[in-house]
Amino acid sequence: MSFVNEEHHRDRNDVLMATVITKDNLKSETNNPLTVIDFWAPWCGPCKMMKPIMDQLENEFKGQIHFGSLDVSHQQKLAEKYTVMSIPSLVIFEHGKAHEKVTGYYPKAPLAKFLKQKLAEINK
């Protein structure tokens, strides 16, 4: 099943899940004050560990931060464009421009703190 043409999709527990990012929708999906794109791949163990954390953060920051998910195995050119050399990587977009990148696995608490800082910065 593919979710590429859906804006958002939900898992079996009706939890909001990140928008699937492709070359076709990247510009429109990052045209927000703050967008976090999760660069991942299905074969990546740390990416699988990050998935539930990202889902929780998306629900916690609903309405404040837009979340996207980009499978690098299907979107290699976008990964190259944003110099994603390792996954998982989070690329932070501010008003459509890539502003910062965080690479590697992070527990929920430090990521939530980081995202709160990003929100404070753009809301100044």
Side-chain angles (χ1 to χ4, degrees):
M1 179 184 320
S2 173
F3 297 106
V4 171
N5 293 324
E6 298 181 18
E7 283 187 30
H8 286 84
H9 56 277
R10 297 180 183 271
D11 72 3
R12 283 178 264 151
N13 298 319
D14 203 35
V15 174
L16 189 65
M17 296 171 68
T19 303
V20 175
I21 302 299
T22 68
K23 64 179 174 50
D24 298 323
N25 70 355
L26 177 73
K27 186 175 180 178
S28 63
E29 292 297 333
T30 58
N31 189 21
N32 302 289
L34 191 61
T35 303
V36 176
I37 307 286
D38 179 15
F39 286 71
W40 67 282
W43 45 262
C44 168
C47 299
K48 291 177 187 178
M49 293 168 48
M50 284 286 291
K51 176 80 173 92
I53 293 169
M54 295 307 297
D55 290 345
Q56 291 169 19
L57 290 172
E58 181 175 9
N59 282 311
E60 286 180 26
F61 289 97
K62 184 178 180 180
Q64 301 172 73
I65 300 173
H66 185 63
F67 286 81
S69 176
L70 189 146
D71 181 349
V72 298
S73 56
H74 297 295
Q75 301 292 327
Q76 291 176 344
K77 290 200 183 301
L78 286 178
E80 290 171 11
K81 178 177 180 175
Y82 296 103
T83 55
V84 172
M85 308 301 267
S86 300
I87 52 174
S89 283
L90 304 177
V91 178
I92 314 302
F93 288 80
E94 294 181 11
H95 300 284
K97 294 191 185 329
H99 183 70
E100 198 167 343
K101 182 171 54 175
V102 178
T103 301
Y105 172 83
Y106 286 89
K108 182 182 171 189
L111 271 179
K113 183 179 178 182
F114 171 76
L115 293 176
K116 285 177 186 172
Q117 284 179 298
K118 294 289 123 197
L119 278 172
E121 288 173 15
I122 65 162
N123 290 324
K124 283 184 180 177

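Since this is a predicted model, take the numbers as computed values, not measurements. Along the sequence shown, residues carry numbers from 1.
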Please determine which of Leu90, Val102, Leu57 meets the side-chain contact (heavy atoms from CB on, under 4.5 Å) test together with Leu115. Leu57
Distance in Å, Leu34 CG paired with His95 NE2, rounded so as to fall on 0.5 Å steps: 8.5 Å
Can you find a pair of side-chain heavy atoms, one from Lys108 and one from Glu60, that are under 4.5 Å apart? yes
Gap between atom NZ of Lys51 and atom SG of Cys44 - 0.5 Å precision: 13.5 Å
If hydrophobic clusters are built by linking Ile, Leu, Val, Met, Phe, Trp and Tyr wherever their side-chain heavy atoms come under 4.5 Å apart, do Val84 and Leu78 end up in the same one? yes
Taking Met50 as the fixed residue, which of Pro107, Pro88, Ser89 is the one that meets the side-chain contact (heavy atoms from CB on, under 4.5 Å) rule? Pro88
Nearest 0.5 Å please: distance from the CG atom of Asp71 over to the CD atom of Gln76. 9.5 Å
With a 3.5 Å distance limit and no angle check, can you tell me whether Asn59 reaches the backbone of Gln56 through a side-chain donor-acceptor pair? no
Just by distance, do the side chain of Lys77 and the backbone of Lys23 share a donor-acceptor pair under 3.5 Å? no
Separation between CD (Gln64) and CG (Asn123), nearest 0.5 Å, reads 8.0 Å
Between Tyr105 and Phe39, is there shared hydrophobic-cluster membership here, with clusters defined by ILVMFWY side-chain heavy atoms closer than 4.5 Å? no
How many angstroms lie between atom CG of Asn32 and atom CD1 of Ile122, to the nearest 0.5 angstrom? 9.5 Å
For the residue pair Phe61 and Phe67, does the interplanar ring angle fall in the parallel (under 30°), tilted (30 to 60°) or perpendicular (over 60°) class? tilted
Can you tell me how far apart CD1 (Ile87) and OG (Ser73) are? Round to the nearest 0.5 Å. 8.0 Å
Which heavy atom of Gln75 sits nearest a heavy atom of Leu70, and at what distance? CB-CD2, 3.6 Å
Same cluster for Val91 and Ile21 if Ile/Leu/Val/Met/Phe/Trp/Tyr side chains link at under 4.5 Å? yes
Considering residues at least two apart in sequence or located in another chain, which fulfil the side-chain contact (heavy atoms from CB on, under 4.5 Å) criterion with Glu100? Ile92, Phe114, Lys118
Between Val36 and Met54, is any pair of side-chain heavy atoms under 4.5 Å apart? yes
Starting from Trp40, can I reach Met49 by hopping between I/L/V/M/F/W/Y residues whose side chains sit under 4.5 Å apart? no
